[in-house]
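Whatever order the structure lists ligands and atoms in, that order sets their numbers, starting from 1. If you're wondering where the values come from, they're calculated on a predicted model, not measured in any experiment.
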Amino acid sequence: MPGFTAYVGSMRSAHQRKGSLSSFVSAASGAVGQIVGQVAKLRGCYVVGSAGTKQKVELLKDKFGFDAAFNYKEEPDLTAALKRYFPEGINIYFENVGGPMLDAVLLNMRTHGRIAVCGLVSLHGLTDPVGIHNLFCLVRKRIRTQGFIQSDRLYLFLQFAEDITKHYRDGKIVDLRKKREMGRLCM
Ligand SMILES: NC(=O)c1ccc[n+]([C@@H]2O[C@H](COP(=O)([O-])OP(=O)(O)OC[C@H]3O[C@@H](n4cnc5c(N)ncnc54)[C@H](OP(=O)(O)O)[C@@H]3O)[C@@H](O)[C@H]2O)c1
């Protein structure tokens with residue numbers, strides 16, 4: 001299901017167009033994010049991911065082929081961190097977390113950028129969710145923002161199985177098959 005979510009949100013929405021666009025994925029080492037990043041690479045994007053431990057950051061770069069990755073918990077200023085990785089701005093943001101990361105992303109989006117809203121995990125369980133401050137960037141930068149639910153697109157499942165299986169067999173999409181790696185990731 002997470003792989004299908006990544007396929008629907010990435011190949012059929014966020015990264016539908018091929019080309020050298022800049023793409024940012026939050027919660028990038030999660031079940032969804034790791035596939036999104038690899039799909040974005042297949043589409044020709046420059047891809048950066050954020051994750052919450054050093055081990056996850058290493059996996060993103062060494063195993064999943066992200067161009068760069070950073071530990072958001074070690075960044076005192078998320079806006080400055082994103083500026084460092086995207087000096088010209090972000091074309092596509094695959095949103096998994098919300099909260100302060102979304103606020104920082106909005107400031108770093110390019111004009112006519114795109115945000116695919118998959119989830120807002122930082123809000124899970126909060127009874128009083130924190131608001132977003134930089135929403136006016138949506139207007140000023142004409143950012144197209146769209147949420148999606150994978151189950152609306154179940155008609156794409158066979159296509160997903162075909163496409164992703166092919167990339168998997170060709171070694172263009174990898175997963176964490178070794179338990180040792182899973183252990184490292186969960187630390
Ligand atoms: N739209 C849909 O159809 C659909 C379907 C499935 C899932 N989703 C959504 O997709 C997102 C990712 O799902 P997943 O299955 O990949 O999740 P996952 O494998 O459980 O990974 C989630 C990761 O999010 C990060 N995280 C947790 N709390 C956070 C916080 N407060 N701020 C920033 N990062 C935080 C953690 O990684 P770090 O250690 O790196 O922080 C965690 O490992 C979730 O928002 C989920 O609700 C949507």
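A salt bridge between Lys54 and Glu58 is present, with a side-chain N of the basic residue lying under 4.0 Å from a carboxylate O of the acidic one.
Between the side chain of Lys141 and the backbone N or O of Met109 there is at least one donor-acceptor pair closer than 3.5 Å. Using a distance-only test at 3.5 Å, with no hydrogens or angles considered, a donor-acceptor pair links the side chain of Asn108 to the main chain of Thr79.
Within 6.0 Å of the CD atom in Gln146, the count of heavy atoms belonging to other residues, nucleotides or ligands does not exceed 12.
Between the side chains of Tyr93 and Thr145, no donor-acceptor pair of N or O atoms lies under 3.5 Å.
Protein residues with a heavy atom under 4.0 Å from ligand 1 are Met1, Thr5, Ala27, Gly30, Ala31, Val32, Ala51, Gly52, Lys56, Tyr72, Asn96, Val97, Cys118, Gly119, Leu120, Val121, Ser122, His124, Phe148, Ile149, Gln150.
Ring pair Tyr85/Phe70 is parallel by interplanar angle, where below 30° counts as parallel and above 60° as perpendicular.
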